[in-house]
Amino acid sequence: MKVDQLSIFLENRAGRLAEVTRLLAEAEVNIRALSLADTSDFGILRLIVSDFEKAKAKLKENGFTVGRTSVVAVEVADSPGGLHNILSMLQDAGINVEYMYAFVQQSGDSAVLILRFDRTEQGIELLQKNNITIIPGEKLYSM
Amino acid sequence: MIYDIQNETLPREDLEKLQLRRLQALCERVYANVPFYRRKFDEKGIKPQDIKSLRDITLLPFTVKQDLRDQYPFGMFAVPKDQIVRIHSSSGTTGTATVVGYTKRDIDNWGALMARSFAASGATAADTVHNAYGYGLFTGGLGAHYGAEALGATVVPVSGGATRRQVTLLKDFAPDVICCTPSYALFLAETGEEMGINIKDLPLRIGIFGAEPWTNEMRVEIEKRLGITAIDIYGLSEVMGPGVAIECAEAQDGLHIQEDHFLAETIDPVSGEPVGPGEEGELVFTTLTKEGIPLIRYRTRDLTTLNTVPCKCGRTTARMKRVTGRSDDMLIIRGVNVFPSQIESILIETEGLTPHYQLIVARQGNLDTLEVQVEVNESIFSDEIKNLQRVESKVMKNIKEFLGVTAKVTLVNPKEIERSVGKAKRIVDKRNEG
């Protein structure tokens, strides 16, 4: 039920992000979703990619520090209140969302949320209990 | 193991007699053959025959690096050029290069002293030595090379650079001993990991590290990551090269100075007055046997403490504490003295930080600023910003607490800080720019 997210340390310097995208392009890895968090001197790039291992190997080989995090991808109706419904459910259960990002699917009728919980297992359990559609990793990587 | 049992375990009384005899002969020699020293002696009103005891050494003039520069290239040589068989030179990164020349006997002595050093580290004639010190004008490569050969070991003269290839050679040739700078040893470990070769799993047993100041914390890190005993070696080209002093594997507690060849003193770097045993001071050497370029009271700028308490290894020679700073490497940040080694200790003690770091000193208005750049590795990396910021603030807090200076801590990409095959460049001082 979990999705492997690749996180990459980026020093705040011109061209670092482009270097990552160049390496991924060379490795023929497709980016499914991304989010970039930054501070004044460094950033963390979080990616869901078509081939996690290949992307990780390529980046490591080129000197990047990378990590693997388990995140959860859920599908919500692309309509007002879709996200709120899920967040309030998590709030009631006391599960903290460390960060999240989202993208809208091509078909246009649903959005995908990538969520990072402080307690991943409990998060998944709660979502399942409430019949929220969780997108398994294999499906997301090849979307 | 003790290579030269007779000379390394001389009763101190005999050692001092030998030192005095050699010091007197040295004074005669430099007075007769080196105009620079004759002038210095004359200025102080000293004649060689005034040296009647070892204590009289304080009557003699100091020699500083600038003197060697001023006499560039051959003005300090004490023998005619035809007796010089080899010339080495410093890199000249901090000014004009200094040049040193060796006679055949100097080279033989150097080899013997390096053989003593290898033996002290636990190496034997049956071992293979991977020598990754740079070959060339720098004394490290050839110094270690001749020493390993004098011991009877097998030398692999890899020199510096081509790091991936070095890892392959470490795996294929399975050496027992490696010689390089401590920072390069860690770079080799990192490169090995990238290549899927864990140096810890190789037969390598001993590392002999020198040519740059390092800390005990760094030693612990190296021993852990490479699975070896890390031995500190000390030397400088002006005095000889590597092998002036060496740590013994038995105690790993201070470096034995080869006192039958080098007379060591510690002085107050400001007043030039001798400091007592057990007190920190600037290390000063007088070369007792060198023919090519003998030096009287050469000021090394290295800060250390001398210890003459007998060592459990059986050597009677004085030991010097590991050199962690140079009087000219000391940074003064807003009036506070800071040595790179102190920052290094703090970084290594802050869990998971690599000892790859660089200090950037700059000036904003009239205030000095210190930035500590530290490389991020996978053990501290997190997908959450707050975790990385916690590391930054922890280092900042520790620096403030232990050194009393406020530093900006910046995490940088691994390999961002330039890896050198020779001495690591720890300080970038921008205060004198524009």
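Quick caveat: nothing in here was measured; it's all calculated off a predicted structure. Note: hydrogens, waters and symmetry copies are ignored here, and every other heavy atom, side chains too, is used. Residue numbering restarts at 1 for every chain, and letters A, B, ... go by the order of the sequence lines.
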Q. Are A/D41 and B/K408 within salt-bridge range, i.e. N to O under 4.0 Å?
A. yes
Q | Region of A/D38 in contact with chain B, defined by heavy-atom distances below 4.5 Å | A | backbone
Q | Residue-level interface, residues 369-378 of chain B with chain A, non-hydrogen cut-off under 4.5 Å | A | B/V376, B/N377, B/E378
Q. Highest number of heavy-atom pairs under 4.5 Å with chain A: which of B/E194, B/E384, B/M195?
A. B/E384
(Q) Is B/E190 close to chain A through its backbone or its side chain, or both, or neither, when contacts mean heavy atoms under 4.5 Å? (A) neither
Q: Measure distances from A/F9 to the heavy atoms of chain B and classify the residue's part below 4.5 Å as side chain, backbone, both or neither.
A: both
Q: Give, as side chain, backbone, both or neither, the part of A/R16 having an atom under 4.5 angstrom from any heavy atom of chain B.
A: side chain
Q: Go through the structure and list residues passing side-chain hydrogen bond (donor to acceptor under 3.5 Å, both in side chains) with B/Q364, not counting sequence neighbours.
A: none
Q. Do you know which two heavy atoms are closest between B/Q389 and A/T39, and how far apart they sit?
A. NE2-CG2, 3.3 Å
Q) Which residues, numbered in order, of residues 114-128 of chain A come under 4.5 angstrom of chain B by heavy-atom distance? A) A/R116
Q | From B/L388 atom CG to A/T65 atom OG1, the distance as rounded to the nearest 0.5 Å | A | 9.5 Å
**Q.** Minimum-distance pair of heavy atoms, taken over all atoms of B/I385 and A/A37
**A.** CD1-CB, 3.6 Å
Q | Inter-chain contacts: residues 45-54 of chain A against chain B, heavy atoms under 4.5 Å | A | A/R46
Q. Which is it for A/F42 and B/T410 under the side chain to side chain contact (heavy atoms under 4.5 Å, CB included) test, yes or no, and what are the steps along the way?
A. CA-CA 8 Å; A/F42 67 83; B/T410 309; over 6 Å; no
Q. What closest approach, in Å, do A/I8 and B/F381 show between heavy atoms, and which atom pair accounts for it?
A. C-CZ, 3.6 Å
Q.
Strictly distance-based, threshold 3.5 Å: is any side-chain N or O of A/E11 a donor or acceptor partner for the main-chain N or O of B/N413?
A. yes
